Amino acid sequence: GSDEGLTVINIVSGEILRHLPTHQPVWDIEIIQNYAYLCTKSLIVVDITIPHQSRIVAQRLFTGTAYRITSNESHAYVAALEGGVQIFDIIDPKLPRHLSTFPTEGSATNVVIDSNRLFVLDNRYGVFQLDTTKPEKLTLISEFNDTQLPLAAAVNGDYLYLLDID
């Protein structure tokens, strides 16, 4: 529908400042400095420097559907369902540069970053732990396939906390 998109709300006054239609459902959002990264069919980047003037500055299409996103200061990692994990250099948010793809056995349904480790939740296989030292070529560290359908995860030190359906 025409109402799908990003709505900017002043939480003090309750006023809706801006609505940016995406014409597709938005599944996730990540705010990095003055930019909002939206997961729709593609990755959409919105300049939110002045909230009431928020505007789309970039859109990147790729294989799969952008579903969940995580990031560090320089890279965005997008769980793209059947498209695996898509990795972008976001040093220049107006020109996110696709670096690589990490294919998954099933659909990549979520991604969680912790330092130089990326945890990829795969709906058919389980969880992949990847080394992100070289984002253009992620390296597999380990696999956890004792789960049927991993939904969400968090990392604290040497522990992965996984929500799943068994």
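As the structure is a prediction and not an experimental result, all values here were calculated from the model.
N110 places no side-chain N or O within donor-acceptor distance of the main-chain N or O of L121, the cut-off being under 3.5 Å. Side-chain N or O atoms of D114 include none that pairs as donor or acceptor with a backbone N or O of R117 at under 3.5 Å. Of the possible donor and acceptor atoms, one in the side chain of Q24 sits under 3.5 Å from a partner among the backbone N and O of K41. Remark: side-chain polar atoms of T101 are not paired, donor with acceptor, to backbone N or O of P103 under 3.5 angstrom. In this structure, the side chain of D47 does not engage the main chain of S54 through any donor-acceptor pair within 3.5 Å.
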Next item on the list: Mind running side chain to side chain contact (heavy atoms under 4.5 Å, CB included) on D164 and L151 for me, showing each step along the way?
Entry: CA-CA 5 Å; D164 65 355; L151 302 173; 5.6 Å; no

Check: Yes or no on side chain to side chain contact (heavy atoms under 4.5 Å, CB included) for I90 and I32, after CA distance, side-chain angles and deciding distance?
Finding: CA-CA 10 Å; I90 56 169; I32 306 165; 3.5 Å; yes

Check: Given W27 and R68, is the side chain to side chain contact (heavy atoms under 4.5 Å, CB included) satisfied, shown in steps?
Finding: CA-CA 7 Å; W27 302 110; R68 296 283 183 249; 4.0 Å; yes

Note to self: Set out, in order, the CA-CA distance, both residues' side-chain angles and the distance that settles side chain to side chain contact (heavy atoms under 4.5 Å, CB included) for V57 and V46, then state yes or no.
What the structure shows: CA-CA 6 Å; V57 294; V46 179; over 6 Å; no

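Put simply, the side chain of F128 reaches to within 4.5 Å of the side chain of E105, judged on heavy atoms.
There is no path of hydrophobic side-chain contacts, each under 4.5 Å, that joins I29 to I16. Under the 4.5 Å side-chain contact rule for hydrophobic residues, L138 and V155 do not share a cluster. Tracing side-chain contacts under 4.5 Å through hydrophobic residues (I, L, V, M, F, W, Y), one reaches L140 starting from V120; they form part of the same cluster. Linking ILVMFWY residues whenever their side-chain heavy atoms come closer than 4.5 Å, directly or via other members, places L130 and V111 in the same cluster. Using a 4.5 Å cut-off between side-chain heavy atoms of Ile, Leu, Val, Met, Phe, Trp and Tyr, with links allowed through other members, Y67 and V78 fall into different hydrophobic clusters.
Rounding to the nearest 0.5 Å gives a distance of 11.0 Å between CG of N156 and CG of L160. Note that CZ of F144 is 9.5 Å distant from CG of L162, once rounded to the nearest 0.5 Å. The distance from the CZ atom of R55 to the CD1 atom of I50 is 9.0 Å, given to the nearest 0.5 Å. To the nearest 0.5 angstrom, F88 atom CZ is 11.5 Å from H75 atom NE2. Taking CZ from F119 and OG1 from T132, the interatomic distance works out to 10.0 Å, rounded to the nearest 0.5 Å. The CD atom of Q86 sits 11.5 Å away from atom CD1 of I69, with the distance rounded to the nearest 0.5 Å.
Ring planes of Y159 and Y161: tilted class, angle from 30 to 60°. Ring geometry for F62 against H98 counts as parallel: the plane angle stays under 30°, on a 0 to 90° scale with 60° as the upper cut.
Between P96 and P93, the shortest heavy-atom distance links the atoms CD-O, 3.2 Å. Minimum interatomic distance between G5 and T22 (heavy atoms only, all atoms of both residues): CA-OG1, 3.4 Å. Contact between H52 and R18 at its shortest, heavy atoms only, is O-CD, 3.2 Å. Closest heavy-atom contact between G84 and A108: O-CB, 3.4 Å. When all heavy atoms of C39 and A66 are compared, the closest pair comes out as CB-O, 3.4 Å. Of all non-hydrogen atoms in P135 and L99, the two that sit nearest each other are CB-CD1, 4.0 Å.
No hydrogens or angles considered: nothing links the side chains of H23 and E4 as a donor-acceptor pair under 3.5 Å. Side-chain N/O atoms of S107 and E82 include no donor and acceptor closer than 3.5 Å.
Annotation for E136: atom CD counts as buried by contact number, over 12 foreign heavy atoms lying within 6.0 Å.
Applying side chain to side chain contact (heavy atoms under 4.5 Å, CB included) to I48 and the options V8, L20, I31 leaves one that passes, I31. Residue L118 is tested with D131, V85, I87 for a side chain to side chain contact (heavy atoms under 4.5 Å, CB included); the sole match is V85.
For F102 and Y77, the distance between ring centers is not under 6.0 angstrom.
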